[in-house]
Amino acid sequence: DDGFFSPKRKTATPLSKIDSALALLSDMVLRPAFPAEELARNRTERLTSLAQQHDQPRAIASVLTSKTLFGTAHPYGRPGIGNEAGLRSITVDDLRAFHASWYQPNNGFIVVSGDVKGTDIVAKLERLFGSWPRGGAVPPVVPVAQQVAGPHVVAPPQRLVAPRQDGAGDGHRAQLLEPVVREVGA
């Protein structure tokens, strides 16, 4: 998948455990293992989520809206979860190559908030991340999103059954779909 990826690693921890939490974070960022079984587990989870989204009117409407507004060449026009082909084809070597190319100190930042002293946390971060070599990552070129030329109807490639609005279903979903899907084939 050629999607725009914005990796985030975060931790929430009590101040009494900050040293071990930061050590674990630095290990994840600087020395990731990428075990094949974890890739397989994550792949299965994402493929399942992707399949489930095909039955959710809100998800279908969101994907169609983004694709219509931004086009598939723009990162915002593609589903953040990826697509089936991309999810099935990614390998551990792909993850390692991505990490080597993009996980660099000059291509990211660390944000710390809470009951910490700035000088103390900076010293801890310098100890853990200070020897991390700068890299040559170049930000991706994101195409300019073209303006939509005018109103048009977008219908999904499958039949949708919108929930009832009589209290038995989720009326918000039906309202969300109405402006996007005007007619759905039988």
Is there a side-chain contact between F129 and V29 in this structure, where contact means two heavy atoms from C-beta onward sitting under 4.5 Å apart? yes

Between F70 and R78, does the side chain to side chain contact (heavy atoms under 4.5 Å, CB included) criterion hold? Intermediate values first, please. CA-CA 9 Å; F70 298 101; R78 298 185 295 266; over 6 Å; no

Checking N107 side chain against Y103 main chain: does a donor-acceptor pair fall under 3.5 Å? no

How far does CZ of R43 sit from CG of L39, to the nearest 0.5 angstrom? 4.5 Å

In terms of heavy-atom contacts, Q104 and A100 come closest through NE2-O, 3.3 Å

Group every Ile, Leu, Val, Met, Phe, Trp and Tyr by side-chain heavy-atom contacts under 4.5 Å, then state whether W132 and L22 land in the same group. yes

Any donor-acceptor N/O pair, D94 side chain to T91 backbone, under 3.5 Å: yes

Can you tell me how far CG of L69 sits from CG of L64, rounded to the nearest 0.5 angstrom? 10.5 Å

If hydrophobic clusters are built by linking Ile, Leu, Val, Met, Phe, Trp and Tyr wherever their side-chain heavy atoms come under 4.5 Å apart, do L30 and L95 end up in the same one? no

Passes side chain to side chain contact (heavy atoms under 4.5 Å, CB included), L87 versus N83? Steps please. CA-CA 6 Å; L87 291 170; N83 61 46; 6.0 Å; no

Which pair of heavy atoms, one from P133 and one from P105, lies closest together, and at what distance? O-CD, 3.3 Å

Between L25 and L125, is there a shared hydrophobic cluster once you connect ILVMFWY residues whose side-chain heavy atoms come closer than 4.5 Å? yes

Heavy-atom donor-acceptor pair, S66 side chain to V63 backbone, under 3.5 Å: no

In Å, rounded to the nearest 0.5 Å, how long is the span from CG of D55 to CD of Q53? 10.5 Å

If the threshold is 4.0 Å, N to carboxylate O, is there a salt bridge linking E37 and R41? no

I'd like to know whether I121 forms a side chain to side chain contact (heavy atoms under 4.5 Å, CB included) with I18, so could you lay out the CA-CA distance, the side-chain angles of the two residues, the decisive distance to 0.1 Å, and finally the verdict. CA-CA 9 Å; I121 200 70; I18 192 77; 4.2 Å; yes

Working for side chain to side chain contact (heavy atoms under 4.5 Å, CB included), residues V116 and K124: CA-CA 11 Å; V116 295; K124 293 173 191 279; over 6 Å; no

For a quick test of reading the model, state the closest non-hydrogen atom pair linking S26 to L128 and the distance between them. OG-CD2, 3.8 Å

Is a side-chain donor or acceptor of S101 paired with a backbone partner of F98 at a separation under 3.5 angstrom? no

Rounded to the nearest 0.5 Å, what's the gap from CE on M28 to NE2 on H99? Could you check? 9.5 Å

Which pair of heavy atoms, one from L50 and one from G82, lies closest together, and at what distance? CD1-O, 3.9 Å

CG (D115) and NZ (K117) are apart, to the nearest 0.5 Å, by 9.5 Å

Crowding at CG, D120 (>12 non-hydrogen neighbours, <6.0 Å): yes

Sub-3.5 Å donor-acceptor pair from the side chain of R134 to the main-chain atoms of N106, do we have one? no

So if you build clusters from Ile, Leu, Val, Met, Phe, Trp, Tyr with side-chain heavy-atom gaps below 4.5 Å, do L15 and V112 land together? yes

The reported gap from CG in L47 to CZ in R88 (rounded to nearest 0.5 angstrom) is 4.5 Å

Where V142 and P75 come nearest, the two heavy atoms and their spacing: CG1-CD, 3.5 Å

